[in-house]
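Here is the structure we will look at, set down as structure tokens.
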Amino acid sequence: SCQNLKEVSTIPKSVKKIGNYAFGGCEQLKSFSFQDGCEIEIIGKSSFSHTSILSIPIPSKVQGLAENFSQSHNNILFFDIWPGNKYNEFIDQNYLVTKINDEIILNYVNPDVEDVLIPSKITRIGKGSFRMCKDLNSVSFEENSQIKSIGEKAFCFSSLKILELP
């Protein structure tokens, strides 16, 4: 158990993957960083669940953010996406989008959102992406929506009142 872990000073550049549940349950963990030039490519499922992290750095080579990477985590305020990362985008300080092959996945939604208009380029709403959105009133889709699927428990523990499907 890592209940007393508060900081991970620097994850070395040789690390290529943060595994599933790697820091899950480290409730006092507030920060971590990656070494410049790091080779990290994958951040696994629930790797930051039940932590106190407010900001997550996403290095240039990270191409895989597992759906539910931050399950049960409603403290994240910011994603620091490093220059050159062509796989991830933090939109309007509210939505983390991940591109995998031909899919564009809405992977995380700021838990303070109230009304959401899903951009037309989104092809999938990721597992648990609206989890814990306690003020969520409505979700609708832009015209010409490319949405193909909605992941498991996408709206779990949210206060969603209106879902307007395309």
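When a residue number appears, it is its place in the shown sequence, counting from 1. Below, all heavy atoms of this structure are taken into account, side chains as well, without hydrogens, waters or symmetry copies.
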What are the two closest heavy atoms between [X] and [Y], and how far apart are they?
X	Y	value
L106	S129	O-CB, 3.5 Å
K134	S159	O-OG, 2.7 Å
P57	P59	O-CD, 3.6 Å

Going by the rule salt bridge (Lys or Arg N to Asp or Glu O under 4.0 Å), which residues pair with E41 if we only count those two or more places apart in sequence or in a different chain?
none
Using modelled atom types and a 3.5 Å cut-off, is there a donor and acceptor pairing between side-chain atoms of [X] and backbone atoms of [Y]?
X	Y	value
T123	I104	yes
E142	S120	yes
S52	E27	yes

Going only through I, L, V, M, F, W and Y residues with side-chain contacts under 4.5 Å, is there a path from [X] to [Y]?
X	Y	value
I58	I42	no
I100	I125	no
I43	I81	yes
Y108	I18	yes
I122	L117	no

Can you give the donor-acceptor pairs under 3.5 Å from side chains of residues 144-151 to other protein atoms, not counting sequence neighbours?
from, atom 1, to, atom 2, distance (Å)
S145, OG, I147, N, 3.2
Q146, NE2, N144, O, 3.1

Between K30 and E7 (salt bridge meaning N to carboxylate O under 4.0 Å), is one present in this structure?
no
Which residues satisfy the ring-ring contact (aromatic ring centres under 6.0 Å, His included) test with [X], sequence neighbours excluded?
X	result
F78	F90
F155	F130
Y87	none

Kindly compute the distance separating [atom1] ([X]) from [atom2] ([Y]), expressed to the nearest 0.5 Å.
X	Y	atom1	atom2	value
N107	F79	CG	CZ	8.0 Å
L163	S140	CG	OG	9.0 Å
S55	D80	OG	CG	6.0 Å
Y21	S49	OH	OG	7.5 Å
M132	C156	CE	SG	8.5 Å

Considering residues at least two apart in sequence or located in another chain, which fulfil the side-chain contact (heavy atoms from CB on, under 4.5 Å) criterion with [X]?
X	value
K86	none
E114	D135
P12	S14, V15, Q35

Taking it one step at a time, do V109 and N94 satisfy side chain to side chain contact (heavy atoms under 4.5 Å, CB included)?
CA-CA 6 Å; V109 177; N94 283 319; 5.7 Å; no
Applying salt bridge (Lys or Arg N to Asp or Glu O under 4.0 Å) between E39 and each of K17, K61, K13, report the one that passes.
K61
Are the side chains of [X] and [Y] in touch, meaning some heavy atoms are under 4.5 Å apart?
X	Y	value
V113	L136	yes
L5	V8	yes
V62	N85	yes
N4	Q28	yes
E164	F141	no
F32	I11	yes

Assign the ring pair F34 / W82 to parallel, tilted or perpendicular, where the plane angle (0 to 90°) is split at 30° and 60°.
perpendicular
Any pair with a residue in residues 88-147 that passes disulfide (SG to SG under 2.5 Å), sequence neighbours left out, goes on the list, sorted by first then second residue, please.
none
Got a sec, which pairs hit disulfide (SG to SG under 2.5 Å) with one end in residues 17-54, sequence neighbours left out?
C2-C26
Any salt bridge (Lys or Arg N to Asp or Glu O under 4.0 Å) involving residues 88-112? Give me the pairs, sequence neighbours left out, ordered by first then second residue.
E89-K121, E103-R124
Determine, stepwise, if the pair I56 / L96 fulfils side chain to side chain contact (heavy atoms under 4.5 Å, CB included).
CA-CA 11 Å; I56 294 183; L96 180 66; over 6 Å; no
Note: with side-chain heavy atoms under 4.5 Å as the link, the other cluster members for I162 come out as none
Under a 3.5 Å cutoff, is there a donor and acceptor pairing between the side chains of N88 and T98?
yes
Test I105 against V97 for side chain to side chain contact (heavy atoms under 4.5 Å, CB included), laying out the working first.
CA-CA 5 Å; I105 304 163; V97 173; over 6 Å; no
